[in-house]
Amino acid sequence: MIRRPPRSTQSRSSAASDVYKRQVSTQSTWGTNQIKMGNCLKSRGKKKDDENLYEGSKDQSLNLSSKPENPKAAVKGNQPKSWEIRKAGLKREDFEFVLRENETLIKPPGSINGQRFVIDSCKNCNIFLADFCDSVEVDDCVGCSIFVGPCSSSVFVRNVKECNIVMIAQQLRTRDCKNLLVLLYSQTFPVIELTDEIKFACYQGPNYEGLEEQMARAKLNIWNNKWSEIYDFNPPAPNAPRHYSLHPSDAPEVYVFVRDFFHRLEHSDFANRGLDVATFCDTIPLTTGLTPVPGTENILVVILPSSVMYAKDLIPSFARQGGVYLKRTRVMKLSNDQISNLFLNNPRMKLLSAPFADR
């Protein structure tokens, strides 16, 4: 029985992946399995499918006299990916940056349109994906600054070193990475594995036209950013430092990167395409997350659904007070019992109402 690796280890460097890569079938076993498969299909009345299977093998010049390194790949050959088949007219090279060095690479709004995108083996590049993506894979990159627009599923970062990443995604998953700075919006807990020296801060990115629409297409809620709630698959030993660190938005290393990041945007073709890159994104609230803020106390602010439209006006008013920070935001549905326990039966809770509509 071939044991497949869990989702968290689906990478070329995974030990579990190496196990089943070494389990190569012999010539006789491979041929026998093909015959058994054909007989099984015929017995089920799928003779047409059986014929198509063997016709496909002939068209791809499958040589059963030699042992294939990967039987599955030998049958499929160079068949296009499923998403390439579904979307006629798309070219694979339009959805990947591979083996690029010392370049500024830009995908403007409308150029990806919900497809999967691959960034592989790039070095010292500035990469901007300013469009809605299905998923993004970043592999074997060194010294790059990468911006990833709204992604409806996961951004996978594997074997990446000394890179800065600004991203909006359903989830971030890293493996075999080192020395990263990530300015993050993640709607679920970010997951790291075999990763060290990674710094996290809240998302700070460019404010360009169409960003809110892209987030709506990706089904991402601006109030559900869990950037600081990291799950480490390989927790450190007791009394050992964590593999990651959390940083406030005004930390020196974050400030320097954001300043340089915007400078590169303003002097690139990104700005020439009519995109506003001179201002920070005010669509996603800037929060401190789980970053400790000495000398402060916590205050719970509840905004009812009918007043959500006024919530974004509340955030600047906090900033103007001085010393007031937005820690975390959530959208959730409370039961009657939860409301009673949290507000009515809690002696520590003081209820204050704010008439947003009158302001």
Under 3.5 Å donor-acceptor, Q170 side chain and T188 backbone: no
Side chain T195, main chain E193, donor-acceptor under 3.5 Å: yes
Under 3.5 Å: donor-acceptor pair, side chain of D131, backbone of G149: no
With sequence neighbours excluded, residues passing ring pair (Phe, Tyr, Trp, His ring centres under 6.0 Å) with F97: F117
Heavy-atom donor-acceptor pair, K107 side chain to A130 backbone, under 3.5 Å: no
Student check: side-chain heavy atoms of I198 and H243 closer than 4.5 Å: no
Hphob cluster co-occupancy, L194 + I165, side-chain heavy atoms under 4.5 angstrom: no
Reported OH-to-CG distance for the pair Y255 and D250, which is rounded to 0.5 angstrom: 11.0 Å
Donor-acceptor side-chain pairing of D140 and N159 below 3.5 angstrom: yes
Donor-acceptor contact below 3.5 Å, side chain E213 vs main chain G210: no
Test item: side-chain donor near acceptor, N234 and R175, under 3.5 Å: no
Pairing residues for E229 by the salt bridge (charged side-chain N to carboxylate O under 4.0 Å, His left out) criterion, not counting sequence neighbours: R328, R330
